[in-house]
J.: 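The structure's right below; bear with me while I get my questions together.
Heavy-atom basis, side chains included; hydrogens, waters and symmetry copies ignored. In the text below, chain A, chain B and the rest are named by the order of the sequence lines, each starting its count at 1.
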Amino acid sequence: MNIEIIIKGQVALAINSLYGQSVEPSQVQVQLTRSEFEGDQTVMVFPFLKISRKSPEATGMEIGEYLKANLAEISGYNVVKGFLNLSVDNQYWINGFNEALKDEQYGFVPVTDQSELVMIEYSSPNTNKPLHLGHIRNNLLGFSLAAVMKANGYKVFKTNIVNDRGIHICKSMVAWLKFGNGETPETYGKKGDHLVGEYYVKFDQQYKSEIAGLMAAGRSEEQAKEEAPSIIETREMLIKWEANDPEVRSLWHRMNGWVYAGFDETYKTMGVDFDKIYYESDTYTIGRDEVLRGVSEGIFQQESDGSVWANLENEGLDRKILLRSDGTSVYITQDIGTAQLRYRDYPIDHMIYVVGNEQIYHFQVLSLLLDKLGYKWGKDLFHFSYGMVELPNGRMKSREGTVVDADDLIAGMIDVARSVSLELGKLEGYTEIEKENIYRIVALGALKYFILKVDPKKTMTFNPEESIDFNGNTGPFIQYTYARIQSILRKAGETGIVIPAKAETGSLNDKERIILKSISLFPEVVQEAGKGHSPAIVANYVYDLVKEFNSFYHDYSILNEPDLTIRDFRLAMAQTVGKIIKNGFSLLGIEVPERM
RNA sequence: GGCCCGGUAGCUCAAUGGAUAGAGCAACAGCCUUCUAAGCUGUAGGUUCUUGGUUCGAUCCCAAGCCGGGUCACCA
């Protein structure tokens, strides 16, 4: 059992026995002892002073004496002010360490047939432009959250809703027809998503110049925006699309196909995947049907112009439009349809949407609407909202060309990883393919760790010149430690040392104790990350562990340790730290290299 | 303006209501003949936005204010 829980229970008994008053174990505050004091676990005695009616020191001493006498795991205690520091017997840490050593899935709760199903929606791109840095945060968080939930014993289903229809999609199509000359990704030599994105930009340029021309001819800005030929053409195309016009549909299929091929490549490089992809072009009509059902049941109101509204004023929100006066769907209508379809397809217990925090209001509304429509899961949907990624001079703006493209960023980081690695020259003997794979692992490790170590809900700043480092608190630093551990284990194998299944040693030095204590925390960290929906907790924990291990590695020898018992124990310790790095990083979607 | 979120070292970020607020980067000083120097050790760097309140104790909770961001579309 967890030492903290044992202590809480015993402290409650101690207070009952010493002062004749009962307290709940949950009221006992226990935390890790700060490193500058002696001990492992610290009990706060302040809350019990009213009960003991004695000084903090005296109370602490009495409780400490009781614990030492009644708990085999407690080998000693000291009291500093109101802090009762308990020393936990080495054997307790060693026992826990042996558990960690033999369990390959250490820290993970197994998924069973009884496990609840959690569906996680993430990524959810538009098909009119390539993925950028903001999408990267979304994808990494979504993928990582899925891994964390799975490690907490949930069945996890990853899904992606692709925004493949609408006026913005038609814009790229219009521009391609006008300027494209039949260009394809093959003829142009660029990924399809980039090609389509370029025509989206071209459309905007064309549209702007038309507006300027019209305004020069005396129109107001508003009029100009409405009357520009390209926007009129785009609207006509959207109507044709909705009417299933074969020519428009065929072009739409073709260009979206280019985009999907491009996205697939980016997803693959990033190492994220999905169990099922939904397309808005398939779900938006379902949403419309659901809204109309709501009208017939009196949940929603239809205005005389045909538009449909939900009144959420009783819930503290506004009136919200659900269908336009021409009967077409708006954004939220599509989400209603998608949700309905998903719950029809799968026995979902929990639904998580990984979507930026600018849509908090949207998901409040969606939750209420689904609830009104009679879905019991409406109220329980969880919007995992994360903060934006900003550049040093502010928010990314596609119109100002300050968007950090995902493919460019990743390619650039692989270049840096390659040149750093070549300079260090530690990969001789590896084939080019193997080397490239390691560059990729390291580059993505840097990017993923950089993004995932930050509390998801916070806005984060990304400086393209400075942010991605390979030294210090970074993914490569942790990967490097892993690689070194593997090197030690390889050498141990070469010299005929067999890492024992059981690694016992009576005495532990300070740094060994610290590492063993840290190892014992991993399962709690995984649990906490699941409850708090925060991969950052895992990232920061792994970093701390690695720091401790490196410090140990610097001060004490492993392979050259003459005492074989101690050497075997340290090998087992290194192996376990390596395992935690690997398991922890798997929760972040980061690979670990055997060498680097 | 209403609602939501943030403000911690020069920069990027940590810190279940606990002890002297921690890391990395940048700066400075050391350490490669020893298990991988993408590393290690040390120095310096702070009015945790402000003012009150709650209590044994507040970066954390509450109130007010200041600053920054988001959001309140027949856009997505």
J.: Would A/Phe83 pass as stacked on B/A19, i.e. its ring centre under 5.5 Å from the base's six-membered ring centre and planes under 30° apart?
T.: yes

J.: Write down the distance separating the P atoms in B/G52 and B/A58, rounded off to the nearest Å.
T.: 14 Å

J.: Need one value for A/Ile558: base, sugar-phosphate or nothing, where a base atom within 4.0 Å counts as base even if backbone is also close, heavy atoms only.
T.: base

J.: Mind checking A/Gln29 for me? I need base, sugar-phosphate or nothing, with any heavy atom below 4.0 Å counting as a touch.
T.: base

J.: Taking salt bridge (charged side-chain N to carboxylate O under 4.0 Å, His left out) as the test, write out the residues that go with A/Glu528, two or more places apart.
T.: none

J.: Looking only at side-chain atoms of A/Val454, point me to the closest of B/A14, B/C35, B/U71.
T.: B/A14

J.: Crowded around A/Glu222 CD? As in, over 12 foreign heavy atoms under 6.0 Å?
T.: no

J.: In whole angstrom, give me the gap between the C1' atoms of B/U16 and B/A21.
T.: 16 Å

J.: Could you work out the separation of B/U8 and B/A14 based on their C1' atoms and round it to a whole Å?
T.: 10 Å

J.: Using both distances under 3.5 Å as the test, list the Watson-Crick or G-U wobble partner of B/U34, or none.
T.: none

J.: Can you find an N or O donor on one side and an acceptor on the other, under 3.5 Å apart, linking the side chain of A/Gln31 with the base of B/U16?
T.: yes

J.: Mind checking the P distance from B/G46 to B/A23? Whole angstroms is fine.
T.: 15 Å

J.: Name the closest nucleotide to the A/Glu390 side chain, picking from B/G69, B/C74, B/U36.
T.: B/G69

J.: What's the closest nucleotide to the side chain of A/Ile321 if the choices are B/A73, B/G18, B/A76?
T.: B/A73

J.: Are B/G18 and A/Phe46 stacked, with the base six-membered ring and the side-chain ring centres under 5.5 Å apart and planes under 30°?
T.: yes

J.: Which part of the nucleic acid does A/Val30 contact within heavy-atom distance under 4.0 Å: base, sugar-phosphate only, or nothing?
T.: base

J.: Look at the side chain of A/Glu358 and decide which nucleotide, out of B/G24, B/G69, B/U71, has an atom nearest to it.
T.: B/U71

J.: Which value, in whole Å, describes the distance between the C1' atoms of nucleotides B/C25 and B/U71?
T.: 34 Å

J.: Tell which nucleotide pairs with B/C11, taking only Watson-Crick or G-U wobble pairs whose two distances are both under 3.5 angstrom.
T.: B/G24

J.: Using OP1 and OP2 only, check whether a side-chain N or O of A/Lys458 sits under 4.0 Å from B/G69.
T.: no

J.: Taking the same atom, C1', in B/G69 and in B/C74, what whole-Å distance lies between them?
T.: 28 Å

J.: Heavy atoms under 4.0 Å, any strand shown: does A/Met596 hit a base, just sugar-phosphate, or nothing?
T.: base

J.: Report the distance from atom OH of A/Tyr430 to atom C1' of B/U36, rounded to the nearest whole Å.
T.: 12 Å

J.: Where do A/Tyr353 and A/Gln359 land on the side-chain hydrogen bond (donor to acceptor under 3.5 Å, both in side chains) test, with the steps shown first?
T.: CA-CA 11 Å; A/Tyr353 294 86; A/Gln359 295 198 31; over 6 Å; no

J.: B/C56 pairs with which nucleotide, Watson-Crick or G-U wobble, both distances below 3.5 Å?
T.: B/G18

J.: Answer with base, sugar-phosphate or nothing: what part of the nucleic acid does A/Tyr556 contact at a heavy-atom distance below 4.0 Å?
T.: base

J.: On the side chain of A/Asn540, is there an atom forming a donor-acceptor pair with the base of B/C13 - under 3.5 Å, no angle test?
T.: no

J.: Taking only the side-chain heavy atoms of A/Tyr480 (C-beta and beyond), determine which of B/G7, B/G39, B/U34 contains the nearest atom.
T.: B/G39

J.: Can you check the distance between B/G7 and B/A19, where both ends of the measurement are the C1' atom (answer in whole Å)?
T.: 26 Å

J.: With a 6.0 Å cut-off on ring centres, are A/Phe384 and A/Tyr122 close enough?
T.: no

J.: With sugar-phosphate meaning primed atoms plus P, OP1 and OP2, does A/Arg395 contact a base, only sugar-phosphate, or nothing at under 4.0 Å between heavy atoms?
T.: sugar-phosphate

J.: For a quick check, tell me whether the side chain of A/Asn85 and the base of B/A19 share a donor-acceptor pair closer than 3.5 Å.
T.: yes

J.: Taking syn as any angle within 90 degrees of 0 and anti as the rest, which one fits B/C32?
T.: syn

J.: Answer yes if the ring centres of A/Tyr200 and A/His168 are under 6.0 angstrom apart, and no otherwise.
T.: no

J.: Taking the minimum atom-to-atom distance to the side chain of A/Met388, which one of B/A19, B/G69, B/A76 wins?
T.: B/G69

J.: Look at all strands and tell whether A/Val420 reaches a base, only sugar-phosphate, or nothing, counting heavy atoms closer than 4.0 Å.
T.: base

J.: OH of A/Tyr553 versus C1' of B/C32: gap in Å, rounded?
T.: 12 Å

J.: Is it true that A/Lys225 and A/Glu221 have a side-chain N and a carboxylate O under 4.0 angstrom from each other?
T.: yes

J.: Starting at CD of A/Glu315 and ending at P of B/G2, how long is that distance when rounded to a whole Å?
T.: 22 Å

J.: Scan nucleotides 40-46 of chain B against the protein and return all N/O pairs shorter than 3.5 Å with their distances rounded to 0.1 Å.
T.:
residue, atom, partner, partner atom, Å
B/C40, O2', A/His554, ND1, 2.6
B/C40, O2', A/His554, NE2, 2.9
B/U41, OP1, A/Ser551, OG, 3.3

J.: What is the nucleic acid contact for A/Asp305, judged by heavy atoms within less than 4.0 Å: base, sugar-phosphate only, or nothing?
T.: base

J.: With a 6.0 Å cut-off (strictly less than), is the heavy-atom count around CD of A/Glu313, excluding the residue itself, greater than 12?
T.: yes

J.: Need one value for A/Lys320: base, sugar-phosphate or nothing, where a base atom within 4.0 Å counts as base even if backbone is also close, heavy atoms only.
T.: nothing

J.: Counting only Watson-Crick pairs (N1-N3 plus N6-O4 or O6-N4) and G-U wobbles (N1-O2, O6-N3), all under 3.5 Å, who is the partner of B/G6?
T.: B/C67

J.: So if I take every side-chain heavy atom of A/Arg324 and compare against B/A19, B/C13, B/C75, which nucleotide ends up nearest?
T.: B/C75

J.: Taking atom CG of A/Asp510 as the centre, does the number of heavy atoms from other residues, nucleotides or ligands within less than 6.0 Å exceed 12?
T.: no

J.: With respect to the side chain of A/Asn471, which nucleotide from B/A19, B/C56, B/C25 is positioned closest?
T.: B/C25

J.: At 4.0 Å (heavy atoms only), tell me whether A/Thr461 reaches a base, stays on the sugar-phosphate, or touches nothing.
T.: sugar-phosphate

J.: Examine distances only and state if a side-chain atom of A/Ser87 and a backbone atom of A/Tyr77 form a donor-acceptor pair shorter than 3.5 Å.
T.: no

J.: Surrounding CE of A/Met388 (heavy atoms of other residues, nucleotides or ligands, distance under 6.0 Å), is the total greater than 12?
T.: yes

J.: On a whole-Å scale, what distance lies between the P atoms belonging to B/A9 and B/C60?
T.: 15 Å

J.: Can we say A/Glu548 and A/Lys517 salt-bridge, meaning some charged N sits less than 4.0 Å from an Asp/Glu carboxylate O?
T.: no

J.: Applying the Watson-Crick and G-U wobble criteria at under 3.5 Å, what pairs with B/G1? Answer none if nothing qualifies.
T.: B/C72

J.: Taking the six-membered ring for Trp, is the centroid-to-centroid distance between A/Phe83 and A/Phe37 below 6.0 Å?
T.: no

J.: Answer yes or no: does a side-chain N or O of A/Arg319 lie under 4.0 Å from OP1 or OP2 of B/A73?
T.: no

J.: Between atom CD in A/Gln334 and atom P in B/C75, what is the gap in whole Å?
T.: 12 Å

J.: Reckon A/Thr474 touches a base, only the sugar-phosphate, or nothing at all at heavy-atom distances under 4.0 Å?
T.: nothing

